[in-house]
Amino acid sequence: MISLCPVCGSLLVRKEGEADYYCQNPECSGKNIFALIHFASRVAMDIDTLGEKVVETLHDQTFLQTIPDIYKLNQYKSSIMELPGFGDKKVQKILDAIEKSKQQPLDRLLFGLGIKHVGAKVAKTLLKAYPSIDQLKQATYEDLIQIPDIGPEIAQSVENYFSQHKQLEMLDELKSLGLNLTYHQDEVKPHEFNGKIFVITGTLQGYSRDQASALIEKLGGKVTSSVSAKTNILLAGSDAGSKLKKAIELGVYVMNEEEFKVKTDE
DNA sequence: GAGCCTCGAGATCT
DNA sequence: CTCGAGGCTC
């Protein structure tokens, strides 16, 4: 089947062994769109509901031009909600999924960057030898070619990618936006709620008190009733009163429902 | 309620 | 890959 680039109309090509189409016109912004779609896709960063159409629309509306822009979308929430077809729930779902994707294992991110010859498998192979972006970007051609299953083509492509300033800057930006740039191969890390002491206050929209407590305990946290110096996290719903005030005085971390939802999801 | 979009299931091919 | 279900917007 023949497809045309939705942006510039030129013929799309599919590279051998890859699922996605690319626009070859060097002037075309369609390339960006495909790169973004690939990054967000299920096989890469798996950003739920950030599918082709959504990426395309946000790109056309200039909210989304580069990969780091994905992680800045939350700044434009209200403007995005004014777009036709982007209601409250949909936008929130997208933003939640984006937030969650920051924790994706690094091999997904590396694959998502769309480096030539670096597919899902090669990404893992590279990270076994150099388990962080900081290490990988310093590897020379000679270093890379020593890695089992990595030949001259891939080594050249990877070296080339990391020699470009604009890519290094982009990766720095992703780091500062809170993405995970180190690879924890088979380390199953305990949930961040593990061992934390919670207090719940105010009215939660999506959970009853019992549900929230059960969720926290399931993830290894503990729920107590009053805020003290021992409290680690105050989960605050709307209309929070004295507990919130006290938490702020004591410097206890205050978590809103949105963050709670994201962090307990899965 | 209609229409759009994304996802997952199950079939298909390699 | 194709199809249908389900969620969301309007």
Side-chain angles (χ1 to χ4, degrees), chain A residues 1-9 11-23 29-105 107-109 111-114 116-125 149 151 153-154 179 204-208 211 215 238 256-266:
Chain A
M1 165 155 125
I2 293 174
S3 333
L4 298 179
C5 174
V7 178
C8 72
L11 191 65
L12 295 179
V13 293
R14 176 155 54 175
K15 291 177 193 158
E16 199 173 334
E18 296 186 12
D20 299 315
Y21 286 89
Y22 298 87
C23 178
S29 63
K31 275 207 311 284
N32 292 330
I33 296 185
F34 285 105
L36 290 164
I37 290 171
H38 168 69
F39 184 87
S41 73
R42 225 177 317 177
V43 287
M45 292 296 270
D46 192 22
I47 306 180
D48 194 43
T49 72
L50 190 60
E52 296 192 19
K53 290 286 176 187
V54 174
V55 169
E56 214 178 307
T57 307
L58 294 177
H59 179 91
D60 292 347
Q61 299 299 320
T62 75
F63 292 111
L64 195 52
Q65 306 299 320
T66 67
I67 290 173
D69 287 347
I70 294 174
Y71 297 94
K72 298 178 191 165
L73 284 179
N74 52 7
Q75 298 169 23
Y76 305 106
K77 187 176 172 185
S78 51
S79 318
I80 293 170
M81 286 199 301
E82 286 170 15
L83 300 174
F86 287 77
D88 213 347
K89 291 197 171 178
K90 181 167 167 173
V91 173
Q92 195 53 54
K93 222 174 161 181
I94 293 169
L95 293 178
D96 286 349
I98 289 172
E99 187 64 27
K100 215 166 104 187
S101 77
K102 289 181 178 177
Q103 300 303 323
Q104 286 288 13
D107 61 294
R108 282 176 172 269
L109 193 153
F111 172 41
L113 294 176
K116 207 163 144 193
H117 299 123
V118 180
K121 183 140 185 228
V122 170
K124 283 190 176 136
T125 307
D149 300 330
E153 290 264 318
I154 297 174
L179 275 80
L204 300 170
Q205 301 305 316
Y207 310 82
S208 68
Q211 285 172 333
L215 210 44
S238 53
N256 63 26
E257 181 170 353
E258 193 177 317
E259 187 183 352
F260 180 75
K261 189 177 149 202
V262 172
K263 291 186 169 166
T264 53
D265 212 342
E266 254 172 51

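Note that this is a predicted model, so its numbers are computed, not measured. Lettering of chains follows the sequences in order, A, B, ..., and the numbering in each one begins at 1. The figures here come from the full heavy-atom set of this structure, side chains too, leaving out hydrogens, waters and symmetry mates.
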Would you say NZ of Lys89(A) has more than 12 non-hydrogen atoms from neighbouring residues, nucleotides or ligands within 6.0 angstrom?
no
Whole-Å distance, Ile94(A) CD1 to dC4(B) P, equals 18 Å
*Over 60° means perpendicular and under 30° means parallel, so classify the ring planes of His38(A) and Phe111(A), tilted if in between.*
perpendicular
Contacts of Phe86(A) meeting ring-ring contact (aromatic ring centres under 6.0 Å, His included) (sequence neighbours excluded), chain-then-number -> none
Residues at least two apart in sequence or cross-chain that pass side chain to side chain contact (heavy atoms under 4.5 Å, CB included) with Gln211(A), listed by chain then number, are Tyr207(A), Ser208(A)
Whole-Å distance, Ile37(A) CD1 to dC7(B) P, equals 12 Å
Only one of Val55(A), Ile70(A), Leu50(A) passes side-chain contact (heavy atoms from CB on, under 4.5 Å) with Phe39(A), and that residue is Ile70(A)
Practice task
Check whether any side-chain heavy atom of Asp46(A) sits under 4.5 Å from a side-chain heavy atom of Gln104(A), and report yes or no.
Solution key: yes
Taken to the nearest whole Å, CD1/Ile47(A) to C1'/dT6(B) is 14 Å
Rounded to whole Å, CD of Glu52(A) lies from P of dT6(B) at a distance of 7 Å
Reading nucleotides 4-10 of chain C from 5' to 3' and marking B where a protein heavy atom lies under 4.0 Å of the base, S where only the sugar-phosphate is that close, and - otherwise, the string is ---SSSS
- Query: Phosphate oxygens OP1/OP2 of dG8(B): is one of them under 4.0 Å from a side-chain N or O of Arg42(A)?
  - Reply: yes
Glu56(A) CD to dC5(B) C1', in whole Å, measures 12 Å
